[in-house]
Amino acid sequence: MSFLAETLSKVKPSATIAVTEKARRLKEAGRDVIGLGAGEPDFDTPDNIKEAAIDAIRRGETKYPPVAGIAPLRKAIAEKFQRENGLSYRPEQVIVGTGGKQILYNAFVATLNPGDEVLIPAPYWVSYPEMVVLNGGEPRFVECPIETGFKLTPDLLEAALTEGTKWLIFNAPSNPSGAAYTADEIKGLSEVLLRHPQVWILTDDMYEHLLYTDEPFATIAQVEPRLYQRTLTMNGVSKAYAMTGWRIGYAAGPEPLIKAMTMIQGQQTSGACGIAQWASVEALTGPQDFIPQRRKVFQERRDLVVSMLNQANGIRCPSPEGAFYVYPSCAGTIGKQAPSGRTIATDEDFVSELLEAEGVAVVHGSAFGLGPNFRISYATSTDLLEEACARIQRFCNALS
Ligand SMILES: Cc1ncc(COP(=O)(O)O)c(C=O)c1O
């Protein structure tokens with residue numbers, strides 16, 4: 001018998017991290033590789049945020065922070081929810097964690113009993129099902145095909161909910177598809193959820209500020225106040241403020257749930273890094289003008305990538321409303337022969353042949369629960385994106 005826990009046999013390592021590592025290894029070995037696997041902005045953390053961290057160190061803010069987060073940050077988060085989302089939360093309803101990832105994980109530790117079902121729209125962010133499994137829950141998937149713009153519809157939702165569904169995970173703009181929802185579309189989903197009072201909603205709003213539509217961002221508890229009492233609204237500073245390495249995420253929701261998550265955190269990390277929390281206070285309360293500037297750059301890159309990919313044989317690339325990913329279908333390449341002589345039978349074959357032939361690292365769609373597709377992160381320079389897309393075109397046009 002293995003020394004390792006049985007649960008581990010049910011959990012997969014992160015495919016996005018695996019691709020990033022593989023690209024790094026190939027680069028170190030001297031290959032010319034363009035990595036489009038990683039989900040983080042190429043921009044640097046703004047200077048005022050860095051300075052706030054340095055000041056915090058100088059002031060001696062170097063002791064254990066309060067478990068749920070330092071008071072100025074919980075207050076700044078409550079104010080952010082009011083200002084940007086029209087949501088009223090008291091600071092006691094807010095928890096700060098070591099990245100959005102830990103917030104999600106702790107929500108599952110705090111609520112899942114063995115066999116509880118968690119409904120996950122596919123394509124999904126790779127970590128959701130694994131976090132559910134690690135906590136004894138049962139991931140259930142609902143496929144949201146390219147034809148619905150990779151979006152969950154009221155009919156798809158209604159058909160997928162069961163008596164045993166404890167949570168719905170709702171992520172928009174989405175990683176990996178970039179799909180985003182209008183307030184009206186969220187209203188349609190809310191009406192279904194109101195008919196199923198056993199279901200709680202975990203809304204992952206991490207890409208809130210990376211939205212390229214005319215309509216403003218909307219989140220479930222705001223659109224349907226009757227769902228406020230069973231919604232955990234999660235967000236973080238990683239993507240909007242280019243702070244992935246600082247590891248600060250947060251959520252707000254009903255106080256008993258936040259208390260339970262805080263109790264768990266008290267036994268687990270004692271709270272997120274205090275210095276990074278002070279930096280996050282500055283992120284949320286300081287100047288916000290760089291956000292629309294960076295959003296514009298991302299939007300231009302999206303347009304470039306979508307247009308170039310649609311010129312590659314066998315690729316169909318919808319234009320996503322948000323985040324910094326595109327999720328093209330490679331169905332038109334399946335069954336063709338790659339330059340290596342091997343046949344492309346799956347999207348996993350497509351990405352590994354592409355990496356081998358042209359040195360472009362992307363992530364296969366089946367890792368996100370819906371294929372044959374692949375995910376490109378366009379959070380990298382325009383020059384590199386142009387070069388990568390030209391290589392993808394060359395690769396696809398050479399398939400026979
Ligand atoms: C959809 C989604 N949620 C949550 C996270 C976690 O973000 P972090 O742990 O950096 O706050 C990510 C990061 O890739 C993500 O894509």
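For this chain, numbers begin at 1 and follow the sequence in order. Whatever order the structure lists them in is the order used to number ligands and atoms, beginning at 1.
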Checklist line | Output field: ring centroids Tyr228/Tyr89 closer than 6.0 Å | finding: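 Close enough - the centres of the two rings lie under 6.0 Å apart.
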Margin query: Quick check on the 6.0 Å ring-centre criterion: do Tyr327 and Phe374 meet it?
Written below: no
Next item on the list: Check each atom of ligand 1 against the heavy atoms of Gly99 and keep those under 4.0 Å away; list them by number with element.
Entry: 9 (O), 11 (O)
Next item on the list: Check each atom of ligand 1 against the heavy atoms of Lys101 and keep those under 4.0 Å away; list them by number with element.
Entry: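 Here the atoms of ligand 1 in question are 6 (C), 9 (O).
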Notebook entry, point to check: Taking heavy atoms and a distance under 4.0 Å, where does Tyr128 meet ligand 1: side chain, backbone, both or neither?
Noted result: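 Side chain only.
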Checklist line | ligand 1-proximal atoms of Glu40, by part, heavy-atom distance under 4.0 Å | finding: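 It is neither part, as no heavy atom is under 4.0 Å.
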Notebook entry, point to check: So which of Tyr124, Trp125, Tyr250, Phe324 gets nearest to atom 15 (C) of ligand 1, if we judge by its closest heavy atom?
Noted result: Trp125
Next item on the list: Please work out which of Gln102, Lys239, Met206 has its closest non-hydrogen atom nearest to atom 13 (C) of ligand 1.
Entry: Lys239
Notebook entry, point to check: Any chance NZ of Lys22 has more than 12 other-residue heavy atoms, nucleotides or ligands included, within less than 6.0 Å?
Noted result: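 Atom NZ in Lys22 is not packed in, count stays at 12 or less.
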Next item on the list: For Lys336, look at atom NZ and say whether over 12 heavy atoms of other residues, nucleotides or ligands are found less than 6.0 Å away.
Entry: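 Count over threshold, so yes.
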Check: Among Phe170, Phe108, Tyr128, whose side chain to side chain contact (heavy atoms under 4.5 Å, CB included) with Leu202 holds?
Finding: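 Testing each of Phe170, Phe108, Tyr128 against Leu202, the sole residue satisfying side chain to side chain contact (heavy atoms under 4.5 Å, CB included) is Phe108.
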Using distance alone, with no hydrogens and no angle criterion, decide if [X] and [Y] have a side-chain donor and acceptor under 3.5 Å apart.
| X | Y | value |
| --- | --- | --- |
| Trp246 | Thr45 | yes |
| Asp184 | Thr182 | no |
| Ser270 | Gln265 | no |

Polar-atom distance check: [X] versus ligand 1, any N or O pair below 3.5 Å?
| X | result |
| --- | --- |
| Tyr325 | no |
| Asn171 | no |
| Thr244 | no |
| Gly100 | yes |
| Asp204 | yes |
| Ser238 | yes |

Notebook entry, point to check: Hey, is Glu386 close enough to Arg301 for a salt bridge, meaning N to O under 4.0 Å?
Noted result: no
Item checked: Closest approach of any protein heavy atom to atom 9 (O) of ligand 1, naming residue and atom ->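 Checking every protein heavy atom, the shortest distance to atom 9 (O) of ligand 1 gives Arg247 NH2, 2.7 Å.
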